[in-house]
Visitor: 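After the structure tokens below, expect a handful of questions from me.
Side chains included, hydrogens not; waters and symmetry mates left out as well; all remaining heavy atoms used. So that the names make sense, note that chain A is the first sequence line, chain B the second, and so on, each numbered from 1.
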Amino acid sequence: MDAEIMALPIEKKIEKSKEIIAEAIERYGNKLVAAFTGGKDSTLMLWLTKQVCEEKGLEMPECIFINEGSVFEEVLDYVARMRREWGLVIHEVKNEDVLKQVNKVGDIVYVDKLNERNRRELERIGFHGDSFVFNPESFEGNHLMKTVAMNMFIEERGIQAVMTGIRWDEQEARRDEVYFSPRDNPKHMRVHPILHFTEREVWQVLRENRVPVNELYAKGYRSLGAKATTQPVSDKPAWEQDFDSLPERAGRAQDKEGIMKRLRDLGYM
Amino acid sequence: MLIIGVDSATWDVILPNLDRLPNFRKLMEEGEYSTIHLNQKPWSPEVWCSMFTGLLPEEHGHHDFVVNNEIVRREDIKAEFIWDLLDRAGVSVKALNVPFVVPPYNFNVDFEPVAGGVPVEQDELLEEIERVTQKALEVLRNSKPEVFIVAYTALDKLSHLHWGEPVLVDFYERVDEAIGKLIPYDDEVLVISDHGFCDYDAAPIRTLPRRTPKGEIKGDHHPDAILIKKNIPCEITQPIDVFYCIKARYLGD
């Protein structure tokens, strides 16, 4: 995390992001894809990309949407809406082989029924069990449903760069990320044009420019994960919440709503 | 005295798998074991509350985790728990992760609840077993009280969703390992469950609907709970006897 860049005024941050996006499009052309999650951060990234393309007369990069098997209907609706309103090309990426076995979180995935690629991937991450419970946010689930699904898309299409909306202040693990971050297996570049935005600034830009956002944020969700494991943080819209005292990823923390939802999911009420 | 609560533990899983549960086996060999045939409803908030207040549900009045859309807290329960009595009498006592409320209750122990207090997914259940054990070891090594109560809830969630599946025995193994780490620290040990488990269709009561947002429920609560005691002479046939047993040992009759 670069403290000097973090301290820039918001206009400078927008400029910085646009430069990175322009450079990525210039370098990778149609071998660049933008990862769109339906969340606020990748929405900001796409909005900035749209500005760059309009200003410079460039073609909008194609997008990928990773369907990890437990997606809010509101997210799917929103992705469809953005496809329509902004004319985006969005490829839906999913690990079909795993989804053949499961309908919902909690279903069992039997390893011997998986294809060779998925079995190899499980071994690679050190999983040696015969089965596991499907959950896109568990270690095995996350790897197969997100990482492997995306890697397969990269390999099949010869993609050279993937642009994502991660941010330095979002969580500890992201503090050391850089704007252009080379990856292996498969070899490609990760581009992170909005690393330097804070959550508050993301909302400021989206609200001031009337960028359409997912309706879940209006219902109090701060950070969108898998449907089965994400709860709203408060009954206030995300952009009106107390950013300083409530952590952005608190949707799973010990708030009342979270506990109640977990109990309800178990059928306790 | 070390009291280890294992939510939902049943002989129906332990006895046929003793070769995989060496610490259960060791305790059973060194002490005595029996079945508690519950006279009260096999319902966790009520039973754990009875166990540590010595009161029946109609007396302690605590019937559910949530009442009128509000989460019930310790302060809402108008009863004295064994740790309140001991503490007042100057007997050192600590309690960790006791699941009569959500998040589970701690007394004289700082513990950040696992998964917001309701671990459900397997990784969260494993995290519970690991973090509760770690915290319990910290207590036993650095500031061991005369009475230490520690409970694990993982088997309950897992039994509801995976009753009859091999993964359940894997989790009993994890709990067995955890127990194995704690029991060397005390000569007087009590291991107890709040109720047993059985096939959903065979359950005498239904605590959950068959279909839930987490999937189909395969097992439900059975009124036969487990008890293992080592170097504890008192007779325990019902959950409330645990309260009187601890009280007699430290405060006299």
Visitor: Tell me, for B:P166 versus chain A, whether the close heavy atoms (under 4.5 Å) come from the side chain, the backbone, both or neither.
Guide: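 Neither part, no heavy atoms under 4.5 Å.
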Visitor: Is chain A contacted by the side chain of B:V167, its backbone, both, or neither, given a heavy-atom distance below 4.5 Å?
Guide: neither
Visitor: Are any of the side-chain heavy atoms of A:N135 and B:Q122 separated by less than 4.5 Å?
Guide: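 Not in contact.
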Visitor: If a pair satisfies side chain to side chain donor-acceptor pair (under 3.5 Å) and one of its residues is in residues 47-56 of chain B, list it, with sequence neighbours excluded.
Guide: B:D7-B:W48, B:Q40-B:S50, B:W48-B:D194, B:S50-B:H60
Visitor: Please find the pair of heavy atoms, one from B:E216 and one from A:K104, that lie closest to each other, and give the distance.
Guide: N-CE, 4.4 Å
Visitor: Heavy-atom count check: over 12 atoms from other residues, nucleotides or ligands less than 6.0 Å from A:D130 CG?
Guide: no
Visitor: Would one find more than 12 heavy atoms of other residues, nucleotides or ligands at under 6.0 Å from atom CG of B:D110?
Guide: no
